[in-house]
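Okay, so here's the structure we're looking at.
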There are 2 protein chains.
Amino acid sequence: MIYSSELIKGTLKTIILKLLKDNKRMYGYEITQRVKELTHDRIQLTEGALYPSLHALEADGILTTETEYIGKRVRKYYSLSAKGKTVTKEKISEFADFMNTMKFLLDIKTDIA
Amino acid sequence: MIYSSELIKGTLKTIILKLLKDNKRMYGYEITQRVKELTHDRIQLTEGALYPSLHALEADGILTTETEYIGKRVRKYYSLSAKGKTVTKEKISEFADFMNTMKFLLDIKTDIA
DNA sequence: AAATATACATTGGTTTCTTATGTATTGTAC
DNA sequence: GTACAATACATAAGAAACCAATGTATATTT
């Protein structure tokens with residue numbers, strides 16, 4: 001199953017921030033692959049969604065970047081700034097709260113303890 | 001706490017369908033009030049979002065309508081069509097699956113069994 | 001040598017929602 | 001009895017976020 005795109009709307013930034021929280025630094029392509037792997041292909045980030053989001057987070061001072069060359073190929077690493085770490089905690093906790101509300105509203109039984 | 005609007009994106013139709021599944025028929029204003037009440041004001045549907053969604057669901061054959069007059073004031077009741085009942089089950093189960101994926105991805109502990 | 005994977009990025013379009021506005025009736029508080 | 005809030009519908013203009021497509025280029029596998 002691949003989720004309908006409307007479902008994923010609004011969660012992309014939270015996913016990016018969580019991955020960066022756990023991994024110190026990651027580059028764009030790596031993020032798409034990690035999400036694909038962790039969700040068993042259920043969530044597939046498109047580049048057209050990912051890169052603008054990364055750029056927006058950087059412009060907001062939430063992410064910092066370092067560019068490196070692997071051979072001749074450029075690679076841009078993203079990391080959480082101090083502000084980013086705070087924002088990440090808030091976003092995840094807001095999402096957790098939202099999920100509990102939705103679970104109650106939709107009367108859903110979950111299968112993960 | 002009122003959730004940031006981006007979080008709610010993509011969930012509106014699922015919420016509408018779930019309420020109609022439980023209540024046979026409801027009118028627009030009633031839906032806004034019920035959601036507000038059930039979520040303790042955390043989710044407040046705006047009319048500008050609700051009515052276009054209801055109209056779209058009706059146009060897709062997912063909802064049927066009956067108009068009644070309460071005194072001189074018009075009230076438009078919405079109900080699930082046969083197709084709508086099927087779609088509702090699919091939507092809720094897709095959302096439940098999505099929540100489990102997100103819970104795993106964000107490493108969230110839930111407080112509802 | 002060709003195909004696939006890696007790695008960045010932008011552009012045009014669509015969907016979905018927000019804010020604002022509009023109309024009208026009914027109930028409540030002063 | 002009149003102003004305000006609540007009830008109840010609706011649309012329109014714009015913003016935000018995402019998707020699909022396209023573009024460029026290098027590296028690896030077959």
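Computed from a predicted structure; not experimentally measured.
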Table of protein N/O atoms under 3.5 Å from nucleotides 16-23 of chain D N/O atoms:
| unit_1 | atom_1 | unit_2 | atom_2 | d |
| --- | --- | --- | --- | --- |
| D/dA17 | OP1 | B/Glu6 | OE1 | 3.4 |
| D/dC18 | OP1 | A/Gly10 | N | 3.0 |
| D/dC19 | OP2 | A/Thr46 | OG1 | 3.4 |

Every protein N/O within reach of nucleotides 4-6 of chain D N/O, cut-off under 3.5 Å:
none

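In this view, B/Arg73 satisfies the salt bridge (Lys or Arg N to Asp or Glu O under 4.0 Å) rule with no residue, not counting sequence neighbours. Every residue two or more places apart in sequence or in another chain that forms a salt bridge (Lys or Arg N to Asp or Glu O under 4.0 Å) with B/Asp97 is listed here: A/Arg42. When the ring pair (Phe, Tyr, Trp, His ring centres under 6.0 Å) test is applied to A/Phe95, no partner is found at least two apart in sequence or on another chain. Considering only residues two or more places apart in sequence or on other chains, B/Tyr78 meets the ring pair (Phe, Tyr, Trp, His ring centres under 6.0 Å) condition with none of them. Remark: A/Lys91 engages B/Glu6 in a salt bridge (Lys or Arg N to Asp or Glu O under 4.0 Å) (not counting sequence neighbours).
A 4.0 Å heavy-atom criterion places the boundary nucleotides of DNA chain C facing chain A at C/dA5 to C/dT16, written 5' to 3'.
Residue B/Ile31 contributes atom CD1, which lies 15 Å from atom C1' of D/dA10 at whole-angstrom precision. D/dC9 atom P lies 19 Å from atom NZ of B/Lys72, rounded to whole Å. In this structure, B/Gln33 atom CD and D/dA8 atom P are separated by 9 Å, rounded to whole Å. Spacing between atom OH of A/Tyr69 and atom P of D/dT26 amounts to 11 Å, rounded to whole angstrom units.
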Expected list for residues 26-36 of chain A: side-chain donor-acceptor pairs under 3.5 angstrom, two or more places apart:
| unit_1 | atom_1 | unit_2 | atom_2 | d |
| --- | --- | --- | --- | --- |
| A/Glu30 | OE1 | A/Tyr27 | N | 3.2 |
| A/Thr32 | OG1 | A/Tyr29 | O | 2.6 |
| A/Arg34 | NH1 | A/Asn23 | OD1 | 3.3 |

Expected list for residues 80-87 of chain A: side-chain donor-acceptor pairs under 3.5 angstrom, two or more places apart:
| unit_1 | atom_1 | unit_2 | atom_2 | d |
| --- | --- | --- | --- | --- |
| A/Ser81 | OG | A/Gly61 | O | 2.7 |
| A/Ser81 | OG | A/Ile62 | O | 3.2 |
| A/Ser81 | OG | A/Lys83 | N | 3.4 |
| A/Ser81 | OG | A/Gly84 | N | 2.9 |
| A/Lys83 | NZ | A/Asp60 | O | 2.7 |

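The residue among A/Ile70 and B/Ile70 whose nearest nucleotide of DNA chain D is located toward the 5' end is B/Ile70.
Without hydrogens or angle criteria, A/Glu94 side chain to B/Ser4 main chain gives a donor-acceptor distance under 3.5 Å.
Here B/Tyr51 reaches the OP1 or OP2 of D/dC9: one of its side-chain N or O atoms lies under 4.0 Å away.
Sorted by first and then second residue, the side chain to side chain donor-acceptor pair (under 3.5 Å) pairs involving residues 47-59 of chain B (not counting sequence neighbours) are B/Glu58-B/Thr65.
Taking the C1' atoms of five terminal pairs at each end of the helix from C/dA1-D/dT30 to C/dC30-D/dG1, the two resulting helix axes are inclined by 30°, rounded to 10°.
Using modelled atom types, one finds a donor on one side chain and an acceptor on the other under 3.5 Å when comparing B/Thr101 with A/Tyr3.
Counting all heavy atoms, side chain and backbone alike, A/Leu106 lies closest to B/Ile92 at O-CG2, 4.5 Å.
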